[in-house]
Amino acid sequence: MCEDELIPPQADMTEQEWLRAGSAATAGGPPPRTTGRVPQWVNRRTLLGGAMAGAALAVLPSPAQSPASAAPRLGGPGAFPFPEHPNGKGEFAVLVTGDAGTGDEAQYAVAAAARDVCRTEHIGLAVGLGDNIYENGPESDDDSEFQDKFERPNSGIDVPWLMVLGNHDCSGLIPGSGGDPSRGDREVSYAATSRRWYMPSRYYSVPLPAADPLVEFFAIDTIPWSSYVAQLDPHYRWDGPYMREQRSWLDGALRASRARWKVVIGHHPYLNNGKHGSAGSYDGFEIGNYTSGVHLKDMYEKVVCGRADLILSGHDHTLQVLEPTARTGGTRQVVCGASAKTEDGTAHFGHPAAWQNFSDHGFMVLKVSGARLTIDAYTVDVATRKATLRHRAHQSRPVAAPSRVHA
């Protein structure tokens, strides 16, 4: 695709509008297959998005780059081990948090409430969905903010944390812009010294259990596709080598996975009813290679939808369990970004939802067994540091089951 040929954003259409648009495009022919892939109508657009802010930025330092590796490496000394067996309830139980790294009272309250739930649910793994270090990301791989905004708040949640990068972790000159992805390498390096923080590379996969996986997590870096400013380093441009390598890796990893359940984790959501909107029209932008997330939208639709069971995302400071639909190919979008900040209490879009909350702090717990996948959504009262279970969603059939079946 040429740089000025973009897919017209469809992300914030309702499900019925999306289906009608697909039918209209076939000009009276049979309706399009509901695989979750949007028909590729192409239109020439003017480059927008981050171009205005990008033009004001000095060219960022561009150290020698090497292709990102998806191969895991060892964590810090005494790193907490990955669970190799289900807990006493026959499940792999996973804590899910997002947009947590403020170091303020709300983060500590959510972590304290989650700690109590972790004990009762026998949590063996945790996920951090980006914006791990507000507002600008760490200044080095031993920045004291790792202690203040991750280690101390999460003390007692002594499990591996699968971490992904958020736009604030990769700030350029503008906080939260995502304009300097190279800053994320500091968080990768930090993993070598932490018992909790697991980030062997900027994108990676983790199968559980490793020898005979029941569930596999695919951690991705959504930032260069969705930054608020244009990427000036050619390595990190939307069509540059880094993003091409990552997309190719994810496509191959999902295809090769032997796990019954597949979960993609990344900071930016595909669909979202909160104020940031959905991929392809983030924050009201609908054209340009950046800001709108149009290329992330394309990746989700062509690589992830209909192949993964869940997309777990943050970015919007809300709690949402959206419904799997024809548009997503059966993949369920979950937004969990309220672990330290909240939003305005209002749903801004109307994607089908099983449950959603736009005003409270909270977290989620993902429970995986051979028979089903369960998502528990909790809100947290910051004053009392207590969690309340608000919603439980079940799924009994994988979107794309492997040839073999787990007991």
Side-chain angles (χ1 to χ4, degrees), residues 70-98 100 111 113-129 132 150-151 153-164 191-201 203-220 253-254 256-265 308-310 312 334 336 339 363-378 387 392-396 398 401-402 404-407:
R73 60 175 172 76
L74 296 176
F80 296 113
F82 288 108
E84 282 298 312
H85 305 284
N87 60 24
K89 299 179 180 180
E91 302 166 328
F92 287 98
V94 182
L95 172 67
V96 182
T97 66
R115 191 178 303 116
D116 292 339
V117 172
C118 286
R119 284 193 288 265
T120 59
E121 294 292 347
H122 305 289
I123 297 290
L125 186 71
V127 168
L129 293 170
N132 309 310
F150 177 74
E151 300 289 358
N154 296 314
S155 176
I157 308 179
D158 297 335
V159 299
W161 287 68
L162 308 185
M163 306 299 290
V164 301
T193 62
S194 173
R195 301 183 69 191
R196 293 181 182 83
W197 187 291
Y198 186 82
M199 189 184 283
S201 59
Y203 56 87
Y204 59 91
S205 65
V206 172
L208 292 180
D212 185 26
L214 174 66
V215 58
E216 187 162 3
F217 295 88
F218 303 85
I220 62 173
L254 284 167
S257 177
R258 298 178 298 117
R260 176 171 175 80
W261 304 102
K262 301 173 183 66
V263 181
V264 171
I265 60 176
D309 299 285
L310 295 177
L312 300 181
V334 173
C336 184
S339 295
F363 61 90
M364 297 186 188
V365 172
L366 170 64
K367 295 182 283 191
V368 183
S369 69
R372 64 183 178 179
L373 180 153
T374 302
I375 302 165
D376 289 346
Y378 292 84
R392 175 169 288 164
H394 295 295
Q395 182 173 333
S396 59
R404 59 198 182 86
V405 177
H406 284 263

Under 3.5 Å, side chain of T374 to main-chain N/O of Q395, donor-acceptor pair present?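 Here the side-chain-to-backbone pair does not exist.
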Donor-acceptor pair, side chain of R260 and main chain of P398, under 3.5 angstrom: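 No, R260 side chain to P398 backbone: no donor-acceptor pair under 3.5 Å.
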Check whether any side-chain heavy atom of [X] sits under 4.5 Å from a side-chain heavy atom of [Y], and report yes or no.
X	Y	answer
V94	V368	no
P83	L208	yes
I375	L310	yes
V96	V334	no
V164	I220	no
F217	L366	yes
D212	R258	yes

Of all the heavy-atom pairs spanning [X] and [Y], show the shortest one and how long it is.
X	Y	answer
P160	G124	CD-O, 3.6 Å
F150	S194	CE2-OG, 4.4 Å
Y204	Y198	OH-O, 3.2 Å
A111	P153	CB-O, 3.2 Å
L254	K262	O-CE, 3.8 Å
A308	V264	CB-CG2, 3.8 Å

Got a sec, which residues hit side chain to side chain donor-acceptor pair (under 3.5 Å) with [X], two or more places apart in sequence or on another chain?
X	result
N154	none
R196	E151, D158
H85	none

Between NZ on residue K89 and OG1 on residue T120, distance to nearest 0.5 Å: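 Result: 6.0 Å between the selected atoms.
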Measuring from atom NE2 of H394 to atom NZ of K367, what distance do you get when rounded to the nearest 0.5 angstrom?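 Spacing of NE2 (H394) from NZ (K367) equals 8.0 Å.
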Sequence-distant partners of [X], salt bridge (charged side-chain N to carboxylate O under 4.0 Å, His left out), two or more places apart:
X	answer
E216	none
R372	none
R392	D376

side-chain contact (heavy atoms from CB on, under 4.5 Å) with [X]: which residues, sequence neighbours excluded?
X	result
D116	R119, K386
E84	P209, A210
V159	A126, I157, W161
P86	F92

Going through the checks in order, is the side-chain contact (heavy atoms from CB on, under 4.5 Å) test met by L129 and C336? CA-CA 8 Å; L129 293 170; C336 184; 4.2 Å; yes
Under the ring pair (Phe, Tyr, Trp, His ring centres under 6.0 Å) rule, collect the residues that match up with F363, sequence neighbours excluded.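 Here the qualifying residues are Y378.
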Could you list the residues that satisfy ring pair (Phe, Tyr, Trp, His ring centres under 6.0 Å) with F80, not counting sequence neighbours?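 For F80 there are no ring pair (Phe, Tyr, Trp, His ring centres under 6.0 Å) partners, ignoring immediate neighbours.
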